*Asks:* 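Take a look at the following structure, please.
Everything numeric here is computed off the predicted structure, so don't read it as measured data. Worth knowing before you read on, the calculation uses all heavy atoms, side chains too, and leaves out hydrogens, waters and symmetry mates.
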Amino acid sequence: MTEAAEAYSRGAGAQPNPVLQISGVAGDTREDANSLTQPLEIAGQPRLRREIADKTALANSAFEKAVRQEVALEAAKAYYNYWQAVEFMRLSKSQLELAGKLLDIASQRLRLGEISESELFRARLLHTQTELALVEAEEGLLLSQQSLNLLLSNENGVPELPSFTGDVPMAPPFPLETSSGDFSQLEQQISERPELKESLSKASVAKLEADLAGRAGAPDLRFTAYRSSLGHGAVQGLQVSVVIPLFDWGRLGAAHARQKKLAEARVHEISIVRRELQNELQTALTKYKVAAKKREALIDQVSRQVELVQLAQRGYEIGLISLFEVIDAQDANLRARQAFIDAEADYQRARVQLWWAAGLPLSPENSDEDAKKGIFIP
């Protein structure tokens, strides 16, 4: 749409086209039977049409940018859904590894006569349950990959997640982010939202169209070169005319009044759009703060649970605690890590939502480097 509007704007400010008249006459010939006439609008109509075309191009450009930003936002959310699925799969693999070690310990203790067959059966059941959980995690990962690939239009597969060290999994930044989030003075950033720029441009277009409609009955100039015939002895000459509409039966006035009301409505629409964007920003800011607090509260819990599981396994191996206590410790670790992964993903999604709501760019214009990576935001 933007290219179409820009192409139109290049000729929108031109004067009306010249008119060539060639006549075949039976009878007396009029002086202007053959003529070339150039109408000229002298009340500023060409300038107004050019400005209307330029503002329309700006509105279309803002609309397309808003669409790209929304797609980038959904891609960023899908990226953290993908990270979340990857972490759940990693967690399921680690749980399966722990369950395998626990089954080996239980088998060894059964051979030594330290536990019963039922306790070994319980260890085997736990191992089977963790295998099923891994299958579900792999399914979730596949679905998240498909969603992310679709949004990124990435034929080379999803971006590779950087590896991390430590017990607490932290999500990496979205690959297309231009910089880290600076959420100071967010209110001032709303003016950068393309939705507001689109509304402002449309209001300008409506006002200019009202001005143009008000000049529909303005006089025009006409320059005419005429000749009565194409042969010899013809009457010929040049003529300058002023064309003045005498009376409007109401059609032009009604069109002007309609355009004025539309312009007023567009001005009110700016206020509505601004309030909606402010509400989006405040909602996003509240969700971001809540997600950040929840994430911080769970970090220490995850680190402590990892140590407790390791201690529980060593305790069961030397017979100090029961299998059920080990299972409880592993369940607590699983719940804690799942809760933190959820909180981390929620925090990152809330962060990019706030980044978007503040009118800050989530992705650059598609660069050559992005094309090489196979990443494209439509």
*Asks:* Could I get the full list of salt bridge (charged side-chain N to carboxylate O under 4.0 Å, His left out) partners for E269, not counting sequence neighbours?
*Replies:*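 R266.
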
*Asks:* Answer with yes or no whether the side chains of D32 and Q21 bring together a donor and an acceptor at under 3.5 Å.
*Replies:* no

*Asks:* Please answer whether the main-chain N or O of E280 pairs with a side-chain N or O of T283 as donor and acceptor at a distance below 3.5 Å.
*Replies:*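 No, T283 side chain to E280 backbone: no donor-acceptor pair under 3.5 Å.
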
*Asks:* Are the side chains of Q69 and L73 in contact, using a 4.5 Å heavy-atom criterion?
*Replies:* no

*Asks:* Would you say the side chain of Y80 lies within less than 4.5 Å of the side chain of V352, judging by non-hydrogen atoms?
*Replies:*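 SC-SC contact between V352 and Y80 confirmed.
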
*Asks:* Work out which heavy atom in G359 is nearest to a heavy atom in E192; give both atom names and the distance.
*Replies:*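 Taking every non-hydrogen atom into account, O-CB, 3.6 Å.
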
*Asks:* Thinking salt bridges, do D211 and K207 make one under a 4.0 Å N-O criterion?
*Replies:* yes

*Asks:* What's the verdict on side chain to side chain contact (heavy atoms under 4.5 Å, CB included) for E87 and W83, showing C-alpha distance, side-chain angles and the deciding distance?
*Replies:* CA-CA 6 Å; E87 290 305 317; W83 174 85; 3.4 Å; yes

*Asks:* Taking atom CH2 of W356 and atom CZ of R351, what is their separation to the nearest 0.5 Å?
*Replies:* 15.5 Å

*Asks:* Working note: K260 + E264, criterion salt bridge (charged side-chain N to carboxylate O under 4.0 Å, His left out); need CA distance, chi angles, decisive distance, verdict.
*Replies:* CA-CA 6 Å; K260 287 177 63 177; E264 293 174 4; over 6 Å; no

*Asks:* Does K55 NZ have over 12 foreign heavy atoms under 6.0 Å away?
*Replies:*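 Open.
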
*Asks:* Considering only heavy atoms from C-beta outward, does the side chain of Q259 approach that of L262 to under 4.5 Å?
*Replies:*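 They are in side-chain contact.
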
*Asks:* Apply the test side chain to side chain contact (heavy atoms under 4.5 Å, CB included) to residues L120 and S107: give CA-CA distance (whole Å), side-chain angles for both, the deciding distance (0.1 Å), then the verdict.
*Replies:* CA-CA 6 Å; L120 178 63; S107 299; 3.5 Å; yes

*Asks:* Output yes when E51 and R47 qualify as a salt bridge under the 4.0 Å nitrogen-oxygen rule, no when they do not.
*Replies:* yes

*Asks:* Just by modelled atom types, is the E31 backbone N or O under 3.5 Å from a matching donor or acceptor in the S228 side chain?
*Replies:*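 Flag not set: sc S228 to bb E31 has no pair under 3.5 Å.
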
*Asks:* Would a single hydrophobic cluster contain both L238 and V240, if residues Ile, Leu, Val, Met, Phe, Trp and Tyr are joined by side-chain heavy-atom contacts under 4.5 Å?
*Replies:* no

*Asks:* Which value, rounded to the nearest 0.5 Å, describes the distance between L91 atom CG and L96 atom CG?
*Replies:* 11.5 Å

*Asks:* Between D220 and L40, is any pair of side-chain heavy atoms under 4.5 Å apart?
*Replies:*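 No; the side chains remain at least 4.5 Å from each other.
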
*Asks:* Between R227 and S229, is there a donor-acceptor pair closer than 3.5 Å when you use the side chain of the first and the backbone of the second?
*Replies:*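 Yes, the answer is positive, given that a donor and an acceptor are paired below the 3.5 Å cut-off.
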
*Asks:* Is there a side-chain contact between L58 and L200, using heavy atoms and a 4.5 Å cut-off?
*Replies:* no

*Asks:* Does any N or O in the side chain of Q45 come within less than 3.5 Å of the main-chain N or O of A43, such that one atom is a donor and the other an acceptor?
*Replies:*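 Side chain of Q45 to backbone of A43, a donor-acceptor pair under 3.5 Å: yes, one is there.
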
*Asks:* Identify which one of L281, V273, N279 satisfies the side chain to side chain contact (heavy atoms under 4.5 Å, CB included) criterion when paired with L277.
*Replies:* V273

*Asks:* If you define the side chain from C-beta out and look only at heavy atoms, does anything of Q108 sit under 4.5 Å from D104?
*Replies:* no

*Asks:* Distance only, no hydrogens: is a donor on one side chain within 3.5 Å (strictly under) of an acceptor on the other, for E344 and Q348?
*Replies:* yes

*Asks:* Do S61 side-chain atoms and A57 backbone N/O form a donor-acceptor pair below 3.5 Å?
*Replies:*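 Here the side-chain-to-backbone pair does not exist.
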
*Asks:* Decide, yes or no, whether a salt bridge links E97 with K101 under the criterion of side-chain N to carboxylate O below 4.0 Å.
*Replies:*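 Yes, charged N to carboxylate O under 4.0 Å.
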
*Asks:* Heavy atoms only: give me the nearest A284-L354 pair and the separation to one decimal.
*Replies:* CB-CA, 3.8 Å

*Asks:* Do I270 and I190 belong together in a cluster built from hydrophobic side chains that touch within less than 4.5 Å?
*Replies:*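 The answer is yes; both residues are in one hydrophobic cluster.
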
*Asks:* Describe, in one word, how the ring planes of Y82 and Y79 are oriented to each other, choosing from parallel (under 30°), tilted (30 to 60°) and perpendicular (over 60°).
*Replies:* tilted

*Asks:* Kindly indicate whether the side chain of E195, heavy atoms from C-beta on, has any atom under 4.5 Å from the side chain of R274.
*Replies:*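 A side-chain contact is absent here, since even the closest heavy-atom pair is not under 4.5 Å.
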
*Asks:* Give a yes or no answer on whether the side chain of S147 reaches the backbone of S144 with a donor-acceptor pair at less than 3.5 Å.
*Replies:*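 Here the side-chain-to-backbone pair does not exist.
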
*Asks:* Rounded at 0.5 Å granularity, tell me how far CD1 in I22 sits from OG in S35.
*Replies:*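 The CD1 atom of I22 sits 9.5 Å away from the OG atom of S35.
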
*Asks:* Hey, could you give me the CG/CZ distance between L196 and R193, rounded to the nearest 0.5 Å?
*Replies:*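 Here the rounded value is 9.0 Å.
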
*Asks:* Check the side chains of Q239 and S241 for a donor-acceptor pair under 3.5 angstrom, ignoring hydrogens and angles.
*Replies:*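 Short answer, yes.
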
*Asks:* Any chance you could lay out the side chain to side chain donor-acceptor pair (under 3.5 Å) test for Q84 and R349, step after step, and finish with the verdict?
*Replies:* CA-CA 11 Å; Q84 190 175 12; R349 286 189 289 261; 3.2 Å; yes

*Asks:* Which pair of heavy atoms, one from H256 and one from A210, lies closest together, and at what distance?
*Replies:*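 Taking every non-hydrogen atom into account, CD2-O, 3.1 Å.
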
*Asks:* Closest approach of G44 and R215, non-hydrogen atoms and distance?
*Replies:*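 Where G44 meets R215 most closely, the heavy atoms are CA-NH1, 3.7 Å.
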
*Asks:* Starting at CD1 of I272, measure out to NE2 of H268 and round the result to the nearest 0.5 Å.
*Replies:*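 Atom-to-atom, I272:CD1 and H268:NE2 are 8.5 Å apart.
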
*Asks:* Nearest 0.5 Å, please: how far is OG in S201 from CG in D54?
*Replies:* 10.5 Å

*Asks:* Does the side chain of L36 come within less than 4.5 Å of T224's, by heavy atoms?
*Replies:*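 Result no, sub-4.5 Å side-chain heavy-atom pair not found.
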
*Asks:* Quick one: are the ring centres of Y347 and Y288 less than 6.0 Å apart?
*Replies:*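 Centroid distance Y347-Y288: below 6.0 Å, so yes.
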
*Asks:* Show me the donor-acceptor pairs, under 3.5 Å and distance only, between side chains in residues 127-139 and residues at least two apart or in other chains.
*Replies:*
unit_1 : atom_1 : unit_2 : atom_2 : d
T128   : OG1    : R124   : O      : 3.1
T130   : OG1    : L126   : O      : 3.3
T130   : OG1    : H127   : O      : 2.6

*Asks:* When you measure from the side chain of Q38 to the backbone N and O of P16, does any donor-acceptor pair fall under 3.5 Å?
*Replies:*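 It does hold such a pair.
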
